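Okay, so here's the structure we're looking at.
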Amino acid sequence: MNAEKFIGNLKKELADLVSDFRVVTTEHGISNRKAYRVWADTSAENFKNVVKKLFKIQPYPHFSVSSGFDAGSTIEILLHFALNYAKPHNLVLFTLRVKLPKENPKMETITDLIPGALIAEKEKREFLGIEIEGLPAGHMFLDESLAGVFPWRRDEKGANKIAKNLHKGEPIEKE
Amino acid sequence: MKKNRVQIPIGPIHPALKEPIQIEVELKGEHVENVSITLGHVHRGIEWIGLRRNPVQTLALAERVCGICNIVHPLAFCTAIENAANIKVPERAEYLRVIYAELERIHSHLLFLGVAAHELGFDSILHYTWLVREKVLDVIEYLTGNRITKAILMIGGVRRDITEKQMPKVREALEYYEKVYKKLCDVFLDDPTINARTRDIGVLTKKQALQLCAVGPTARASGIKKDIRQDFPYAAYADLDVEAITPDVLLNEIRGDTFDRVVVRVLEIKQSLELIDRCLKEMPDGPILYEPMLQRLLVQLRQVAGEGVALVEAPRGELIHYIRMEKSEAPLAWKIRAPTYANLSSIVPMLEGCELADVPIVVASIDPCIACANRAIIADKNAVLDQEKLHALSVNKTRALLKGGSK
């Protein structure tokens with residue numbers, strides 16, 4: 001299936017679940033071949049249904065990783081999927097955005113659907129302090145002594161204070 | 001832990017990797033029953049640092065994510081920024097980017113083959129492979145000024161051209177590799193002992209690879225024909241019609257084992273040589289930078305409000321960078337996902353059922369950016385099994401095979 005047809009199917013399948021569905025193309029090489037990037041927003045309630053829908057379009061949607069950052073009043077999580085892969089020049093890079101409220105950042109795990117998402121979800125939990133329901137406990141990246149410090153947060157839960165103390169070689173001080 | 005089981009932590013630290021790793025294997029007798037992974041022992045916070053610098057300064061950081069893949073990381077970073085800022089890279093620069101990326105793939109795959117030989121106890125092959133690798137490092141140094149951190153990429157293109165005067169040296173290197181390639185194939189693909197140590201060892205089935213989102217040669221060796229160079233137009237790959245290489249090209253079958261992962265990389269060296277040759281012949285004339293004036297570029301980047309995401313095929317597989325810009329000096333968000341991060345989960349099914357002596361070669365077969373499993377401790381016997389002893393186990397298994405002992 002070519003990328004444009006795939007994107008048409010994707011838009012149709014996700015119509016009730018996402019907003020701001022955008023297709024961005026860039027051109028490369030002398031042939032000006034197009035690369036397709038698709039962006040869409042969804043809610044914390046709907047995002048898992050979106051992932052389930054992806055399985056309808058493709059048997060094994062390839063989850064590349066999730067990005068995440070502190071956007072002030074919300075924490076934005078972006079799930080990047082490489083869809084329609086193994087089709088020369090027709091891969092669709094789909095990014096699904098979920099905005100979580102800062103006061104209660106919570107989302108469901110997708111590891112029951114995509115086991116390969118485990119490391120990315122643990123990373124988001126440790127670096128941004130979001131709660132991921134259904135994700136096994138245990139730290140994967142940060143030492144237990146950093147519990148409660150979330151380095152990618154820009155608020156008081158971030159790592160600014162400990163970063164300033166690092167040169168002293170002293171134990172980590174928390175608020 | 002169950003009774004009669006021995007738990008062995010292998011790792012964790014090597015500074016070459018963004019996410020250093022500890023692999024804990026639980027053994028029943030000589031066989032691995034369970035595997036768990038811990039990362040981040042020396043997490044350097046590169047993304048965090050990058051959020052406090054402008055994109056041109058951060059480019060130098062992107063180059064230092066990995067000591068081996070320091071073309072593809074800046075390439076992915078630049079592509080994400082170009083995507084966010086709507087910057088069109090000149091065609092000649094896109095071809096130059098492919099040449100540099102493929103030179104890097106050759107040196108990385110040769111590095112892997114040397115490591116694999118070492119893990120099996122064939123140090124003469126390690127030295128031969130790395131001797132062969134010197135040629136590509138010499139060419140990289142000749143073209144960029146450095147063997148490792150090349151500082152050749154720039155947002156909107158590349159910093160230096162390959163001149164007509166430089167071409168003969170690159171072609172000479174391609175001819176050299178054409179000559180030694182057959183010997184590399186003989187050594188790695190036709191040797192009965194390498195075959196015995198890697199065939200049906202560390203199997204990753206196609207289904208497991210799909211579920212665990214494996215990437216690069218690890219995924220291709222399990223029969224998944226995905227390769228970002230083939231699937232997703234970026235740089236001059238858009239013109240080159242790359243075909244993803246799976247082991248059946250050579251062997252007419254796919255087993256997804258350690259041998260298949262060696263096969264894919266050996267074949268990809270040849271593919272990279274052909275791609276460089278094509279680029280040298282087909283590269284158009286023209287500028288190599290979107291904006292040669294650095295200050296003007298920075299002023300433009302400060303006005304960008306948007307986001308970009310890039311996919312690149314690194315030597316170890318799919319690499320992704322995400323950038324969010326909000327009209328400020330530094331990006332609001334930067335996420336890097338290196339291929340090893342995606343492939344780590346695959347180590348678990350590969351190792352389950354293996355003998356302890358196979359652990360080094362199976363872990364090495366995903367070509368992780370962890371250059372060494374640097375220590376291992378048998379916790380419940382208070383005995384220490386360090387890297388040398390673990391390596392010796394693997395070597396002894398090879399020696400036993402060479403003497404005609406049982407596998």
Side-chain angles (χ1 to χ4, degrees), chain A residues 3 24-37 39 59-72 76 78 80 82 84-93 95 97 113-120 122-123 126-127 138-143 151-152 154 158-159 163, chain B residues 19 37-41 43 45 47-48 51 79 82-83 86 88-89 91 94-95 207-208 210-215 224-228 230-244 282 284 307-311 318 320 322 324 332-337 341-342 344-346:
Chain A
V24 178
T25 58
T26 52
E27 292 179 352
H28 300 273
I30 300 168
S31 57
N32 282 329
R33 227 170 213 144
K34 282 182 182 170
Y36 292 85
R37 293 170 176 85
W39 304 80
Y60 290 98
H62 175 77
F63 173 75
S64 294
V65 77
S66 55
S67 305
F69 64 94
D70 184 340
E76 289 192 22
L78 298 103
H80 306 286
N84 206 33
Y85 54 80
K87 315 266 187 327
H89 307 300
N90 279 295
L91 184 144
V92 174
L93 180 48
T95 300
R97 184 193 318 276
L113 303 169
I114 304 172
L118 180 81
I119 295 176
K122 286 200 168 187
E123 185 189 49
E126 290 170 40
F127 281 78
H139 277 231
M140 187 163 249
F141 287 93
L142 299 179
D143 189 80
W152 292 348
R154 289 172 181 267
Chain B
E19 56 277 327
I37 294 172
T38 311
L39 304 168
H41 299 83
H43 198 287
E47 290 128 322
W48 191 89
L51 300 183
T79 309
E82 287 150 11
N83 181 220
N86 206 15
K88 177 88 172 93
V89 178
E91 287 159 2
E94 291 196 306
Y95 276 79
K207 189 178 176 189
Q208 286 167 337
L210 286 165
Q211 287 176 330
L212 295 170
C213 306
V215 297
I224 307 170
K225 274 194 155 320
K226 62 181 175 189
D227 184 323
I228 301 302
Q230 166 197 271
D231 296 345
F232 190 65
Y234 72 97
Y237 293 113
D239 297 335
L240 296 170
D241 295 321
V242 175
E243 273 187 46
E282 296 172 16
E307 54 197 341
V309 59
L311 278 183
E318 177 200 88
I320 184 166
Y322 166 80
R324 171 77 173 262
L332 177 67
W334 179 26
K335 171 66 189 158
I336 306 164
R337 201 277 278 129
Y341 178 117
L344 284 175
S345 303
S346 299

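Letters A, B, ... are given to chains in the order of the sequence lines, protein chains preceding strands, and every chain is numbered from 1. Because the structure is predicted, anything quoted here is derived from the model rather than measured.
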Inset, instruction - Report the option among A:L78, A:V65, A:V92 that has the most heavy-atom pairs separated by less than 4.5 Å from atoms of chain B. - result: A:V65
Inset, instruction - Mind running side-chain contact (heavy atoms from CB on, under 4.5 Å) on B:F232 and A:R37 for me, showing each step along the way? - result: CA-CA 10 Å; B:F232 190 65; A:R37 293 170 176 85; 3.9 Å; yes
Legend entry - Residue A:A3 versus chain B: region with a heavy atom under 4.5 Å: neither
Legend entry - Top of A:P115, A:G68, A:S64, A:G116 for chain B proximity - count of heavy-atom pairs under 4.5 angstrom: A:S64
Legend entry - Atom group of B:V215 that falls short of 4.5 Å from chain A, counting heavy atoms: side chain
Legend entry - Side chain, backbone, both or neither of A:E126 within contact of chain B (heavy atoms, under 4.5 Å): neither
Legend entry - Option in B:Y234, B:Y322, B:W48 with maximal non-hydrogen atom pairs under 4.5 Å from chain A: B:Y322
Legend entry - Closest contact, heavy atoms only, A:A35 versus B:P233: CB-O, 3.3 Å
Legend entry - Atom CD of B:E243 with >12 non-hydrogen neighbours under 6.0 angstrom: no
Inset, instruction - Could you pull out the closest heavy-atom pair between B:D231 and A:A86, with the gap in Å? - result: OD2-N, 2.9 Å
Legend entry - Residue pair B:D241 / A:H89, side-chain heavy-atom distance below 4.5 Å: yes
Legend entry - Side chain / backbone / both / neither for B:E307 at chain A, heavy atoms under 4.5 Å: both
Inset, instruction - Check whether any side-chain heavy atom of A:T26 sits under 4.5 Å from a side-chain heavy atom of B:T79, and report yes or no. - result: no
Inset, instruction - Check whether any side-chain N or O of A:R154 sits under 3.5 Å from a backbone N or O of B:L332 as a donor-acceptor pair, and report yes or no. - result: yes
Inset, instruction - Please name all residues satisfying side-chain contact (heavy atoms from CB on, under 4.5 Å) with A:E27, sequence neighbours left out, ordered by chain then number. - result: A:N32, A:K34
Inset, instruction - Can you tell which part of A:L113 gets under 4.5 Å to a heavy atom of chain B, answering side chain, backbone, both or neither? - result: neither
Legend entry - Structural part of B:A244 lying under 4.5 Å from a heavy atom of chain A: neither
Inset, instruction - Please look at A:S66 and chain B and tell me whether the side chain, the backbone, both or neither of the residue comes under 4.5 angstrom of a heavy atom of that chain. - result: backbone
Legend entry - Validation row: A:W152, B:E47 side chains within 4.5 angstrom (heavy atoms): yes
Inset, instruction - Can you sort out the partners of B:E94 under salt bridge (Lys or Arg N to Asp or Glu O under 4.0 Å), two or more places apart, ordered by chain and number? - result: none
Inset, instruction - Sort B:Y95 into side chain, backbone, both or neither according to what part of it lies under 4.5 angstrom from a heavy atom of chain A. - result: side chain
Inset, instruction - Please examine the side chains of B:K207 and A:Y60, heavy atoms only from C-beta on, and report whether any two atoms are closer than 4.5 Å. - result: yes
Legend entry - A:N84, part contacting chain B, at a heavy-atom distance under 4.5 Å: neither
Inset, instruction - Using non-hydrogen atoms and a 4.5 Å limit, figure out which bit of B:L240 sits close to chain A: side chain, backbone, both or neither. - result: neither
Legend entry - Spatial distance of atom CG (B:N83) from atom CG (A:L93) [nearest 0.5 Å]: 8.5 Å
Legend entry - Contact class of B:Q211 relative to chain A, heavy atoms under 4.5 angstrom: both
Inset, instruction - Applying side-chain contact (heavy atoms from CB on, under 4.5 Å) between A:Y85 and each of B:K226, B:Q230, B:E318, report the one that passes. - result: B:K226
Legend entry - Under 4.5 Å from any heavy atom of chain B - which part of A:L118: neither
Legend entry - Pair A:E123 + B:R337: basic N to acidic O under 4.0 Å: no
Inset, instruction - Name the option with the most non-hydrogen atom pairs under 4.5 Å to chain B; the candidates are A:A120, A:P61, A:G138. - result: A:A120
Inset, instruction - Take B:K335 and A:H80, measure what side-chain contact (heavy atoms from CB on, under 4.5 Å) needs, and give me the verdict at the end. - result: CA-CA 11 Å; B:K335 171 66 189 158; A:H80 306 286; 5.6 Å; no
Inset, instruction - Could you tell me whether a side-chain N or O of B:D239 sits under 3.5 Å from a main-chain N or O of A:I30, the two making a donor and an acceptor? - result: yes
Inset, instruction - Calculate, to the nearest 0.5 Å, the distance between atoms CD1 and SG belonging to A:I114 and B:C213 respectively. - result: 6.0 Å
